[in-house]
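Every number for a ligand or one of its atoms is a count from 1 in the order of the listing. Note that these values count all heavy atoms, side chains included, but never hydrogens, waters or copies made by symmetry. Predicted model, so just to flag it, every value in this text is computed and none were measured.
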Amino acid sequence: MNNLNSPFLPDMVNIWQQTMNWTPTVQQQDLFQKLYELILSGNSQQNLTRITDPQEFWEKHLWDSLRGIAFLLSRQAQENTPDKEESTPSLPSSPQSPTFIDIGTGAGFPGIPVAMTVTDSTVTLLDSTRKKVAFLDRVKDDLHLTNIKTAIGRAEEIAHQSQHRQRYDVALIRAVGTASVCAEYTLPLLKQGGLAVIYRGNWTEEEATSLENAVQQLGGTIESVEEFTTPLTHSIRHCLYLRKVGTTPSQFPRAVGVPTQKPL
Ligand code: SAM
């Protein structure tokens with residue numbers, strides 16, 4: 001039963017509304033289903049994800065990806081409702097639509113669900129594995145996701161290239177390294193005022209202390225840490241929101257492998 005909208009599964013649309021104050025359109029639900037099918041078939045050629053059960057896919061790949069930008073989705077949904085309080089965190093005020101990069105996107109998470117929902121923004125999907133990026137290009141073409149760009153490379157190198165350094169409003173990163181490593185990968189890519197969203201499972205005081213130290217060296221600040229539970233399995237998750245408040249010194253990120261071997 002490879003159908004995310006099967007009547008035998010929980011009412012996913014209702015859960016989006018209750019947990020994020022946002023409802024996917026019928027077209028978006030259709031895109032989620034098609035993405036799921038493409039990933040299942042891509043899995044037969046390469047190891048894209050171990051998460052293939054429909055409920056698990058919905059919760060861990062779709063819901064979790066969008067939870068990091070829930071503040072943005074709920075604001076979009078309320079656009080026509082005056083007198084609503086500004087949600088935090090916020091995006092940098094930019095005359096154009098914000099630009100996103102997803103670092104170490106793998107099979108496209110969180111970047112593809114974000115691109116499907118924030119359709120007036122460009123989302124760059126970066127991964128160091130050529131084969132995974134070839135798969136992402138197929139998804140982009142098959143689903144006509146014209147707001148997706150892809151890039152092959154290591155974050156440590158890409159972030160020194162002028163077409164990427166300080167070019168993005170939002171940098172997303174999930175399951176790529178410790179929080180300090182994620183900070184070193186994301187902050188150099190952000191414009192001043194930009195936001196990094198680091199997706200985490202558990203979160204401890206010790207990690208907070210080392211992240212604080214790393215972020216200071218990189219020209220950023222920890223704006224907020226959100227703790228939440230996932231809606232089906234009630235697992236604990238965290239999203240860390242870092243704001244770029246200064247300039248990242250040019251030596252960051254350090255050479256390939258150094259951020260993971262010698263975290264800041
Ligand atoms: N973000 C996806 C998710 O949450 O499902 C994939 C996570 S997977 C565990 C980590 C991915 O990051 C892999 O696809 C790997 O190739 C990529 N990766 C690891 N280090 C990287 C780096 N320094 N630069 C770019 N990609 C990297």
For this session: Determine, using heavy atoms of Asp127 and all atoms of ligand 1, whether some pair is separated by less than 4.0 Å.
Result: yes
Problem set entry | Salt-bridge present (Arg254, Glu184; N to O < 4.0 Å) | yes
For this session: Return yes if some donor-acceptor pair links the side-chain N/O of Thr229 with the main-chain N/O of Ile236 below 3.5 Å, else return no.
Result: no
For this session: Please step through side-chain contact (heavy atoms from CB on, under 4.5 Å) for the pair Leu189 and Gln166, ending with a clear verdict.
Result: CA-CA 4 Å; Leu189 289 161; Gln166 297 198 162; over 6 Å; no
For this session: Within a distance under 4.0 Å of any heavy atom of Thr105, pick out the atoms of ligand 1 and give their elements.
Result: 1 (N), 2 (C), 6 (C)
For this session: Quick one: look up the protein heavy atom nearest atom 12 (O) of ligand 1 and list residue, atom name and how far away it is.
Result: Gly104 CA, 3.3 Å
Exercise. Taking only residues two or more places apart in sequence or in another chain, which ones pass side chain to side chain contact (heavy atoms under 4.5 Å, CB included) with Leu232?
Worked result: Pro10, Ile15, Gln55, Trp58, Glu59
Exercise. Hey, is ligand 1 close enough to Phe109 that some N/O pair sits below 3.5 Å?
Worked result: yes
For this session: Please could you name the atoms of ligand 1 that Ala155 approaches to less than 4.0 Å, counting only its heavy atoms?
Result: 22 (C), 23 (N), 24 (N), 25 (C)
Exercise. Going by the atom numbers of ligand 1, which of them fall below 4.0 Å from some non-hydrogen atom of Tyr185?
Worked result: 23 (N)
Problem set entry | Arg67 NZ/CZ over Phe228 ring centroid, <6.0 Å and within 45° of normal | yes
Seminar exercise, completed: Checking heavy-atom distances from atom 7 (C) of ligand 1 to each of Ala175, Gly106, Gly257, the winner is Ala175
Exercise. Do His61 and ligand 1 have an N or O pair less than 3.5 Å apart?
Worked result: no
Exercise. Is Gly177 near ligand 1, meaning one of its heavy atoms is under 4.0 Å from it?
Worked result: no
